[in-house]
Amino acid sequence: MKISPKVWKNGEFIDWNDARVHVMAHVVNYGSSVFEGIRCYETSRGSAVFRLSEHMQRLINSAKIYRMDTPFTRDDFCDATVELIRQSGLEHCYIRPVILRGLDENKPSFGVNPFPAPIDSYIATWQWGKYLGDEAIEAGIDVCVSSWSRITSNALPTMAKAGANYMNSQLIKMEAILGGFAEGIALDDRGYVSEGSGENIFLVNNGRLVTPPLGASILPGITRDSVIQIAREMGIEIVETQIQRSALYLADEVFLTGTAAEITPIRSVDRITVGSGKRGEMTAAIQTEFFKIIDAERPAPSEAPWLTFIDAQSEKKTAVA
Ligand code: PMP
């Protein structure tokens, strides 16, 4: 795997190996971090980051929820990302910004109270392929409904992409893997479908697209939003509503969305075949538009472009993407 030699830290570029935290840093002991997962694609018109501004806005929102004051704005994080990718020489990569509570070695504090801990901001990047595998995008994956509930948003706010939330995701993912599934779907604390360990979920029912609302303890996914906008443009009706577990078995099509998973069809849930057991027609149609957009072959279905080009030459052409 190719890794960027540099990491951005608090406004400076440092060596990858120097981007370390102390074992007694607040984040290590109490999970106090917020982060993002962003992708830079090698498009037909050069490398471009997908929905950079929206991801950085979610990072800022996550930090706000946890009262993590950072001197950097959304635009600072966007500019730093473009510069980091430029310096890394990577053509397509995964970008990981993290804001965390560290340790002031001159004035250490080891308690739960987060306020004395300094806030550090980082951005790292590395080359990364498809999360659930190239084959998964076409053939689909087998998933289970998790015995673990999705964290309830009044305990750990799911509007924030916080490191601590991923302890819940890890329980869901480990159970799924050990059971021979690619992914686990968690139900919310009321028993309605919430999301995967790192993906939002959509069902297709009689030509309509159905997905859990933000109130179902989901992360407001940027791929989820992209799919909703693409579907709307295609004239597909979208319903955000509570979904029972059994509706997953009876749906015509089910798919997952996420920065890493992109749009991944689900071919079975709890070993019950979904629809035809293959990627469905609507899933394929939405995938086609999504992949055209991330390959800069067509504009986004919104006024604001979805691609930020790394190379200034290509950047001039951003308006059409
Ligand atoms: N839910 C969870 C729990 C996630 O970790 C992710 C990945 N960030 C998603 C949904 C999908 O969000 P996005 O499309 O913004 O990557």
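As the structure is a prediction and not an experimental result, all values here were calculated from the model. Whatever order the structure lists them in is the order used to number ligands and atoms, beginning at 1. Only heavy atoms go into these numbers, but all of them, side chains included; no hydrogens, no water, no symmetry mates.
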*Should one rank K161, E36, R150, E54 by closest heavy-atom distance to atom 8 (N) of ligand 1, which comes out on top?*
K161
*Among side-chain atoms of S226 and R51, is any donor-acceptor pair under 3.5 angstrom?*
yes
*Consider every N or O of H55 and every N or O of ligand 1, then say whether any pair is closer than 3.5 Å.*
no
_Contacting atoms of ligand 1, where contact means under 4.0 angstrom from a heavy atom of E195_ = 1 (N), 2 (C), 3 (C), 10 (C)
*Please check if any side-chain donor atom of N205 sits under 3.5 Å from a side-chain acceptor atom of D252, or the reverse.*
no
_Any donor-acceptor N or O pair under 3.5 Å, side chains E83, Q87_ = yes
*Counting from 1, what ligand 1 atoms have a heavy atom of G258 closer than 4.0 Å?*
11 (C), 14 (O), 16 (O)
*Does a donor on one side chain and an acceptor on the other come within less than 3.5 Å for Y41 and D295?*
no
_Heteroatom proximity flag, T257 to ligand 1, N/O under 3.5 Å_ = no
*Could you tell me whether the side chains of E262 and T257 share a donor-acceptor contact shorter than 3.5 Å?*
no
*Ignoring hydrogens and angles, state whether a donor on the side chain of S146 or E175 is under 3.5 Å from an acceptor on the partner side chain.*
yes
_Heavy atom of the protein closest to atom 16 (O) of ligand 1 (residue, atom name, distance)_ = T259 OG1, 2.6 Å
*Backbone or side chain, does any N or O of I222 fall under 3.5 Å from an N or O of ligand 1?*
yes
*Side-chain donor-acceptor contact under 3.5 Å, E253 with T283*: yes
*Note the single closest protein heavy atom to atom 6 (C) of ligand 1, along with its residue, its atom name and the distance in Å.*
G198 O, 3.1 Å
*Under a 4.0 Å heavy-atom limit, does S197 contact ligand 1 with its side chain, its backbone, both, or neither?*
backbone
_Of the listed options T223, I38, I218, closest to atom 14 (O) of ligand 1 (non-hydrogen atoms)_ = T223
*Identify, by atom number and element, the atoms of ligand 1 in contact range of G221, meaning under 4.0 Å from any of its heavy atoms.*
12 (O), 13 (P), 14 (O), 15 (O)
_Checking side-chain contact (heavy atoms from CB on, under 4.5 Å) between R150 and each of V193, L187, T158, which is the one that passes?_
T158
*asked:* Under a 4.0 angstrom heavy-atom cut-off, which atoms of ligand 1 come close to Y166?
replied: 2 (C), 3 (C), 4 (C), 5 (O)
